[in-house]
Amino acid sequence: MTSHMPLFPRTAIVLTIAATSAVLPTLHAEALAPDTMIRQLSTDVIDSVKGDKAIQGGDIGRINALVDAKVMPVVDFQRMTASAVGRYWRTATPDQKKRLQDEFKTLLVRTYAGALSQVRDQTVALKPLRAAPTDTEVVVRTEIRGRGDPIQLDYRLEKDGDGWRIYDVNVLGVWLVEQYKNSFAQEISASGIDGLISKLVEKNKAAPAKG
């Protein structure tokens, strides 16, 4: 499985993970339009990363604290993990589900921690939102502009009360959850859910402390 783990452009992953990091609780409560929310988050996070030397240095503890405090409230991580695990999620025990969520989160944070140091002068441009006011699930399409070619970065969001939560991200045409779903299914077919958990634990332990 580890040889099939998806790889995405480092700067794009910075904004994938971190664009949800600068959310203030008030933003979620203000019933912002989904594209307005993404625009505010993207602007805030670029400024936040530029001002945090520890994150730029790939400090895992600092990054984990950031994710716990800011990302988790605005990302439907249970849905993200369940979708990546696919049909096997229904037969997983509560303990297995918790371990899968914990290890999947650690995998994403550790795999892309080093990318945080890549943020420099990037900006995020939003494309027109194609959604009706009554839609409860939307796709917000953006483009990261800076040095080099623009990078496509899109978000799937779901309505959650008066706000929105992110449950998948598309980098250069590849949806993150779908990509992991393929590799996870291979591992589960070979060695079961516990086998997938063991592989994730192994990969996370082998990851360097800094990117």
Side-chain angles (χ1 to χ4, degrees), residues 6-49 66-87 89-90 101 104-105 108-109 112 115-116 119 121-146 148-182 184-185:
L7 298 175
F8 297 113
R10 291 166 65 86
T11 300
I13 292 300
V14 171
L15 299 177
T16 298
I17 295 177
T20 56
S21 306
V23 184
L24 298 175
T26 53
L27 287 182
H28 190 269
E30 287 176 356
L32 295 177
D35 53 343
T36 301
M37 186 188 87
I38 292 296
R39 178 186 290 110
Q40 290 193 12
L41 302 187
S42 301
T43 300
D44 287 346
V45 76
I46 290 173
D47 292 341
S48 297
V49 173
L66 185 65
V67 170
D68 288 336
K70 303 295 185 181
V71 176
M72 301 309 285
V74 293
V75 175
D76 189 342
F77 204 76
Q78 178 173 315
R79 176 173 178 174
M80 183 178 287
T81 307
S83 297
V85 174
R87 61 187 176 88
W89 183 260
R90 295 194 298 271
Q101 282 187 236
F104 190 33
K105 170 195 164 188
L108 294 178
V109 172
Y112 304 118
L116 293 168
V119 171
D121 58 354
Q122 287 82 8
T123 60
V124 177
L126 272 73
K127 298 180 180 179
L129 179 65
R130 299 176 180 176
T134 56
D135 286 348
T136 57
E137 296 197 4
V138 301
V139 176
V140 175
R141 305 183 186 280
T142 77
E143 192 174 74
I144 301 173
R145 298 174 181 174
D149 295 332
I151 298 173
Q152 174 189 347
L153 180 59
D154 304 332
Y155 300 86
R156 282 178 173 153
L157 299 97
E158 61 180 352
K159 193 74 178 292
D160 180 26
D162 290 332
W164 295 86
R165 298 178 79 192
I166 296 168
Y167 67 91
D168 203 356
V169 180
N170 181 321
V171 182
L172 293 176
V174 179
W175 288 103
L176 181 149
V177 168
E178 190 65 27
Q179 188 78 350
Y180 275 106
K181 184 176 182 178
N182 294 332
F184 284 6

> How about Asp149: does its CG atom have over 12 heavy atoms from other parts shown lying under 6.0 Å from it?
Replying inline: no
State, yes or no, whether a side-chain contact exists between [X] and [Y] at a heavy-atom distance under 4.5 Å.
X	Y	answer
Glu178	Asn182	yes
Leu157	Met37	yes
Ile38	Ile166	yes

Polar side-chain atom of [X] near backbone of [Y] as donor-acceptor pair, under 3.5 Å:
X	Y	result
Arg165	Val75	yes
Asp168	Val177	yes
Asp160	Trp164	no

> What's the spacing between Leu126 CG and Thr36 OG1 if we round to 0.5 Å?
Replying inline: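 It is 8.0 Å, given to the nearest 0.5 Å.
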> How long is the gap from NZ on Lys105 to CE on Met80, to the nearest 0.5 Å?
Replying inline: 13.0 Å
> Does Asp154 have any side-chain hydrogen bond (donor to acceptor under 3.5 Å, both in side chains) partners at least two apart in sequence or in another chain, and if so, which?
Replying inline: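 By the side-chain hydrogen bond (donor to acceptor under 3.5 Å, both in side chains) rule, Asp154 matches Arg141, Gln152.
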>> Checking Gln78 now: which residues fulfil side-chain hydrogen bond (donor to acceptor under 3.5 Å, both in side chains) with it, not counting sequence neighbours?
In response: none
>> So that I can tick it off, tell me whether Glu137 and Arg79 are bridged by a salt bridge, with the cut-off set at under 4.0 angstrom between side-chain N and carboxylate O.
In response: yes
> Using the ring of each side chain (for Trp, its six-membered ring), is Phe104 parallel, tilted or perpendicular to Phe77, with breaks at 30° and 60°?
Replying inline: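 Judged by the thresholds at 30° and 60°, the geometry between Phe104 and Phe77 is tilted.
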> Of the non-hydrogen atoms in Pro34 and Leu129, which two are nearest, and what is the gap between them?
Replying inline: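 Here Pro34 and Leu129 meet closest at CG-CD2, 3.9 Å.
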> Do Leu153 and Val124 pass the side-chain contact (heavy atoms from CB on, under 4.5 Å) test, and can you show the C-alpha distance, the side-chain angles, and the key distance before you say yes or no?
Replying inline: CA-CA 9 Å; Leu153 180 59; Val124 177; over 6 Å; no
